[in-house]
Trainee: 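Attaching a single structure in structure tokens format; questions to follow.
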Amino acid sequence: MSPQPAPVPLLIACALGIEQFALRAGGRGGAGGPVTVLRTGMGPAAAERAVTRMLADPALRDAAVLATGFCAGLAPGMHPGDLVVAEETRDARGTTACVGTELLVKELARALPGRTVHTGPLTGSDHVVRGPERSALRATGAIAVDMESAVTLQSAVRAGERPVAAVRVVVDAPEHELVRIGTVRGGISAFRVLRSVLPAFFEWHRSLLLPRR
């Protein structure tokens with residue numbers, strides 16, 4: 001018998017300690033291979049450094065990469081706790097296509113019944129976006145914005161061909177704008193939603209191990 005290929009590792013990247021805590025609180029059972037939850041630090045420069053460093057480790061050289069955490073919704077009618085599954089991430093440096101969007105949408109609906117899941121382009125910024133700037137980004141076709149997803153996926157594919165995806169939880173939206181990110185701790189639903197997404201991530205990860213036709 002031919003030897004079985006080694007399980008594909010999964011690297012889940014988030015920026016903030018509260019995001020990492022939510023993901024770890026959700027447990028890791030059911031993954032299709034080794035899982036690493038990386039806290040990159042806030043902002044694109046920190047994310048680029050952290051992801052590049054992690055993927056230089058031979059154990060993670062071929063890892064699938066999924067960027068997650070909180071984001072700002074751009075579309076009217078979005079609410080805190082809504083989910084965003086990126087079809088692509090984009091910033092001034094370019095666009096990265098995401099893999100397995102439809103599967104992630106299906107599995108998130110299964111893991112979080114009743115939660116709204118939005119799909120579309122996820123754009124990057126180097127600062128917290130508010131007010132009129134939010135409307136300007138919406139005019140580009142993006143449905144949400146965060147500071148790390150675009151550069152996380154760019155860094156991942158630059159380090160080698162691999163599946164990448166981005167799933168974010170809306171923490172503020174045009175009609176529900178936060179004063180500061182720290183108010184995430186004030187009782188909105190985004191933390192609880194993020195704590196519940198891992199089963200969907202693991203199903204996405206397992207799908208990568210299936211033979212290609």
Trainee: For the CD1 atom of Ile12 and the CD atom of Gln20, what is their distance to the nearest 0.5 Å?
Mentor: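 One finds 11.0 Å between CD1 of Ile12 and CD of Gln20.
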Trainee: Would you give the length of the straight line joining atom CD1 of Ile18 to atom CG of Leu16, rounded to the nearest 0.5 angstrom?
Mentor: 8.0 Å
Trainee: Can you measure from CD (Glu203) to CG (Leu103) and round to the nearest 0.5 angstrom?
Mentor: 7.0 Å
Trainee: Could you go through Ser149 and Thr152, starting from their C-alpha distance and side-chain angles, then the distance that decides it, and tell me whether this counts as side chain to side chain contact (heavy atoms under 4.5 Å, CB included)?
Mentor: CA-CA 5 Å; Ser149 291; Thr152 291; 5.6 Å; no
Trainee: How close do Gly81 and Val193 get, counting heavy atoms only, and between which atoms?
Mentor: O-CG2, 3.7 Å
Trainee: Treating Trp204 as the side-chain partner and Glu107 as the backbone partner, does any N or O pair qualify as donor plus acceptor under 3.5 Å?
Mentor: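 Side chain of Trp204 to backbone of Glu107: no pair is present.
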Trainee: What's the spacing between Leu23 CG and Ser196 OG if we round to 0.5 Å?
Mentor: 10.5 Å
Trainee: Stepwise, does the side chain to side chain contact (heavy atoms under 4.5 Å, CB included) test hold for Arg162 with Leu153?
Mentor: CA-CA 10 Å; Arg162 70 189 72 244; Leu153 270 54; over 6 Å; no
Trainee: Does the side chain of Glu148 reach to within under 4.5 Å of the side chain of Arg168, using non-hydrogen atoms?
Mentor: yes
Trainee: Rounded to the nearest 0.5 Å, how far does CD of Glu161 lie from CZ of Arg158?
Mentor: 16.0 Å
Trainee: Could you walk me through whether Phe201 and Leu104 pass side chain to side chain contact (heavy atoms under 4.5 Å, CB included), step by step?
Mentor: CA-CA 7 Å; Phe201 293 178; Leu104 280 167; 4.2 Å; yes
Trainee: Taking salt bridge (Lys or Arg N to Asp or Glu O under 4.0 Å) as the definition, give me every residue that meets it alongside Arg49, ordered by chain and number, with sequence neighbours left out.
Mentor: none
Trainee: Determine whether Leu83 and Thr116 make a side-chain contact, defined as any pair of heavy atoms from C-beta on separated by less than 4.5 Å.
Mentor: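 Side chain of Leu83 against side chain of Thr116, heavy atoms only: no contact under 4.5 Å found.
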Trainee: Checking the side chain of Asp82 only, and the main-chain atoms of His79 only, is there a donor and an acceptor separated by less than 3.5 Å?
Mentor: yes
Trainee: Could you see if Leu122 belongs to whatever hydrophobic cluster contains Val117? Use Ile, Leu, Val, Met, Phe, Trp, Tyr and a side-chain cutoff under 4.5 Å.
Mentor: no
Trainee: Mind checking the CG-CE spacing from Leu60 to Met54? Nearest 0.5 Å is all I need.
Mentor: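 The distance works out to 5.0 Å.
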Trainee: Would Glu87 and Cys98 satisfy side chain to side chain contact (heavy atoms under 4.5 Å, CB included), going step by step from the backbone distance to the final call?
Mentor: CA-CA 5 Å; Glu87 294 174 339; Cys98 296; 5.9 Å; no
Trainee: Between Thr140 (side chain) and Ala136 (backbone), is there a donor-acceptor pair under 3.5 Å?
Mentor: no
Trainee: If only atom types and distance count, is the side chain of Thr89 paired as donor or acceptor with the main-chain N or O of Thr95 below 3.5 Å?
Mentor: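 No: the side chain of Thr89 does not pair with the backbone of Thr95.
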Trainee: Does Glu133 come within less than 4.0 Å of Arg138, counting only side-chain N to carboxylate O?
Mentor: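 So Glu133 does not pair with Arg138 through a salt bridge.
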Trainee: Considering all heavy atoms of both residues, which atom of Ser155 and which atom of Leu55 are nearest to each other, and what is their separation?
Mentor: O-CD1, 4.4 Å
Trainee: For the hydrophobic clusters of this structure (ILVMFWY residues joined by side-chain heavy atoms under 4.5 Å, transitively), does one cluster hold both Val51 and Val99?
Mentor: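 The answer is no; the residues belong to distinct hydrophobic clusters.
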Trainee: Search all heavy atoms of Pro9 against all heavy atoms of Ala59 and return the closest pair with its distance.
Mentor: CG-O, 3.4 Å
Trainee: Hydrophobic clusters here meaning ILVMFWY residues chained together by side-chain heavy-atom distances under 4.5 Å, can you tell me if Val128 and Val169 are in one?
Mentor: yes
Trainee: Is the backbone of Val8 close enough, under 3.5 Å, to the side chain of His205 for a donor and an acceptor to pair up by distance?
Mentor: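 Such a contact is found between His205 side chain and Val8 backbone.
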Trainee: So, Arg90 and Thr96: side-chain donor and acceptor under 3.5 Å apart, yes or no?
Mentor: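 Side chains of Arg90 and Thr96: no pair found under 3.5 Å.
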Trainee: So, does Thr123 use its side chain to make a donor-acceptor pair with the main chain of Asp91 at under 3.5 Å?
Mentor: no
Trainee: Is there a chain of hydrophobic side chains (I, L, V, M, F, W, Y, each step under 4.5 Å between heavy atoms) that links Leu194 to Met147?
Mentor: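 Cluster IDs for Leu194 and Met147 match.
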Trainee: Identify whether Val164 and Val151 are in the same connected component of the hydrophobic contact network (ILVMFWY, side-chain heavy atoms under 4.5 Å).
Mentor: no
Trainee: Quick one: do Arg195 and Glu19 make a salt bridge, cutoff under 4.0 Å?
Mentor: no
Trainee: Over all heavy atoms of both residues, which pair between Gln154 and Gly94 is shortest? Give the atoms and the distance, please.
Mentor: NE2-O, 3.6 Å
Trainee: Could you pull out every donor-acceptor pair under 3.5 Å between side chains of residues 61-74 and any protein atom, sequence neighbours left out?
Mentor:
residue	atom	partner	partner atom	Å
Thr68	OG1	Val167	O	2.7

